[in-house]
Amino acid sequence: MTIDVGVIGVGMIGQDHIRRLTHVLSGARVAAVTDVDLDRARTVAADLPGSPTVHDSGEALIADPAVDAVVVTSWGPTHEGYVLAAIAAGKQVFCEKPLATTEDACSRIVDAEVATGRRLVSVGFMRRYDDQYRAMKAVVTGGEIGAALVMHAAHRNPSVPDFFTSDMIINDSTVHDIDVARWMFDDEIAAVTVLKPRVSSKARAGFNDPLLVLLEMASGVIVDVEASVNAGFGYDIRGEVVCEDGTVELSESAGAIVKGAGRFGGRVPTDWRERFVRAFDAEFQAWIDAVAAGGTTGPSAWDGYAATVACETGLRALASGVREPVTMRERPDLYKES
């Protein structure tokens, strides 16, 4: 069975997902596209097999009977409307993070999905599909080195565009570490503290970079996330869990380590696409297979809601300079097994 997918938003990440759906994965084809820039949508569609339909709005694409499932990769503030429309249409929807930009918006999505009685939403937290993170979680969950105590993490970007702000370090970068922490320990975040180290000379005036984000899990595990977006040398993702009887950490993401002339070294990825390309592929193939079987898989609308709440709490902590507790609604039964 081939799933006919409609893609809303054909910017950088939208085009990357269209590439994998068309040329890398099996069981799906891009049947329709749309974008706020319709000329760009037409250009993208012209290079795809099967002559995908170009719709003038996301709502029209979702309503198209030829579209079986929807991928949302548009600007974050538009996500709520498109996801709600897909739920109303009874169509599976894969939404890149964030699920929505506010707690209230995410809560409306959760309510709409719960009202249907089944899961229709999957959120794009691809690190859950990364082989290294999965290996780390297997060790932590298996308990072979005792109970988890602390997790150290780092999210280092070589650079960011001029429109990037200190708030976006939390909403766009640290959000992935927030989801990893919840998933790694099968636990919720109880409080967030944000510390401001010495500012990098590479940061613009008034830009707090790097940040140190402390996540307190309900179980007592502490997760520290060093978030730096002007690291310069590459896209460097770090993770280590300290347990009672040992530690487990992500290995270097580069392939081979070369030794010679008294030195050793390897490659550092240049961006998120290079570092997580296999995770993106695995994530989408799992979603396609689940949709073909009549369901969905992966991070749920509840996971999207929880991440957004934690990010909003982090922004309060960034502004206040003190520890801020995380307050969430009760988790609906629909998500208690996800």
Side-chain angles (χ1 to χ4, degrees), residues 2-62 64 66-79 81-83 85-86 91-99 101 121-127 129-130 157-164 168 171-173 175-176 235 237 269-288 291 298-299 304:
T2 299
I3 304 299
D4 287 327
V5 176
V7 179
I8 301 174
V10 295
M12 180 186 296
I13 193 166
Q15 291 183 42
D16 196 46
H17 289 337
I18 287 171
R19 175 194 60 79
R20 64 175 37 89
L21 288 168
T22 304
H23 301 295
V24 179
L25 309 179
S26 62
R29 77 176 190 95
V30 177
V33 298
T34 190
D35 192 90
V36 65
D37 183 345
L38 284 177
D39 286 338
R40 179 166 61 183
R42 294 186 187 99
T43 299
V44 169
D47 289 334
L48 296 175
S51 300
T53 303
V54 178
H55 287 284
D56 59 7
S57 71
E59 290 79 8
L61 180 147
I62 292 165
D64 184 346
V67 170
D68 299 320
V70 179
V71 172
V72 176
T73 56
S74 53
W75 186 43
T78 68
H79 287 188
Y82 295 143
V83 173
K91 295 184 178 182
Q92 296 288 347
V93 53
F94 179 97
C95 181
E96 271 300 344
K97 62 84 180 169
L99 173 64
T101 54
V121 180
S122 181
V123 183
F125 289 120
M126 77 294 179
R127 292 192 188 184
Y129 291 87
D130 180 71
N157 284 62
S159 63
V160 288
D162 289 342
F163 63 77
F164 209 88
M168 292 173 72
N171 282 337
D172 281 53
S173 298
V175 61
H176 285 290
Y235 182 78
I237 301 299
T270 57
D271 63 16
W272 50 269
R273 288 166 296 184
E274 180 181 352
R275 170 61 181 85
F276 289 111
V277 61
R278 291 183 179 85
F280 278 118
D281 291 348
E283 173 187 48
F284 262 89
Q285 189 64 67
W287 181 71
I288 291 166
V291 172

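Remember, it's a predicted structure, so these values are computed and weren't measured experimentally.
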### Task
Look at the side chain of Asp37 and the backbone N and O of Arg40, then say whether any donor-acceptor pair between them is shorter than 3.5 Å.
yes
### Query
How long is the gap from CZ on Arg273 to CD1 on Ile13, to the nearest 0.5 Å?
9.5 Å
### Query
So do the side chains of Asp68 and Thr2 get within less than 4.5 Å of each other, counting heavy atoms only?
no
### Query
Between CZ of Arg20 and CD1 of Ile288, what distance do you get to the nearest 0.5 Å?
10.0 Å
### Query
Would a 4.5 Å heavy-atom cut-off, applied to side chains only, mark Thr34 and Asp56 as touching?
no
### Task
Kindly compute the distance separating CG (Leu48) from CZ (Arg29), expressed to the nearest 0.5 Å.
10.0 Å
### Task
Carefully, step by step, assess Thr73 and His17 under the rule side-chain contact (heavy atoms from CB on, under 4.5 Å).
CA-CA 9 Å; Thr73 56; His17 289 337; 3.7 Å; yes
### Query
Between the main-chain N or O of Thr101 and the side-chain N or O of His79, is there a donor-acceptor pair closer than 3.5 Å?
no
### Ionic contact status for Arg278 with Asp130, cut-off 4.0 Å
no
### Query
Hey, mind stepping through Arg127 and Ile237 against side-chain contact (heavy atoms from CB on, under 4.5 Å) and telling me if it holds?
CA-CA 11 Å; Arg127 292 192 188 184; Ile237 301 299; 3.4 Å; yes
#### Entry: Straight-line distance of Phe276 CZ to Asp281 CG, nearest 0.5 Å
13.0 Å
### Message
Under 4.0 Å between a side-chain nitrogen and a carboxylate oxygen: does that hold for Arg19 and Asp16?
### Response
yes
### Query
Hey, is the main chain of Pro269 close enough, under 3.5 Å, to the side chain of Glu274 for a donor-acceptor pair?
no
### Shortest non-hydrogen contact between Gly124 and Glu96, atoms and distance
O-OE1, 3.3 Å
### Task
Taking all non-hydrogen atoms of both residues into account, name the closest pair between Phe125 and Gly304 and its distance.
CE1-CA, 4.3 Å
### Query
Side chains of Tyr235 and Thr270: does their closest heavy-atom pair fall under 4.5 Å?
no
### Message
I need the minimum non-hydrogen distance between Ala31 and Ala66, along with the two atoms involved.
### Response
CB-O, 4.3 Å
#### Entry: Residue pair Ser173 / Met168, side-chain heavy-atom distance below 4.5 Å
no
### Task
Starting from the C-alpha separation in whole Å, work towards a yes-or-no answer on side-chain contact (heavy atoms from CB on, under 4.5 Å) for Leu99 and Lys97.
CA-CA 5 Å; Leu99 173 64; Lys97 62 84 180 169; over 6 Å; no
## Note on the structure
The reported gap from CD1 in Ile18 to CG in Asp47 (rounded to nearest 0.5 angstrom) is 10.5 Å
### Task
Quick one: do Ser122 and Gln92 satisfy side-chain contact (heavy atoms from CB on, under 4.5 Å)? Show the steps, please.
CA-CA 8 Å; Ser122 181; Gln92 296 288 347; over 6 Å; no
### Query
Rounded to the nearest 0.5 Å, what separation is found between the OG1 atom of Thr43 and the CG atom of Leu38?
10.5 Å
### Heavy-atom check, side chain of Val70 versus side chain of Ile8, under 4.5 Å
yes
#### Entry: Closest non-hydrogen atom pair between Pro52 and Ala45, with its separation
CD-O, 3.7 Å
### Task
Only counting residues at least two apart or in another chain, list the ones meeting side chain to side chain donor-acceptor pair (under 3.5 Å) with Asp39.
Arg42
#### Entry: Least distance between heavy atoms, Val10 atom then Gln15 atom
O-NE2, 2.9 Å
## Note on the structure
Closest non-hydrogen atoms of Val123 and Glu283, given as atom of the first, atom of the second and distance, are O-OE2, 4.2 Å
#### Entry: Residues that Phe94 engages under ring pair (Phe, Tyr, Trp, His ring centres under 6.0 Å), provided they are two or more places apart
Phe284, Trp287
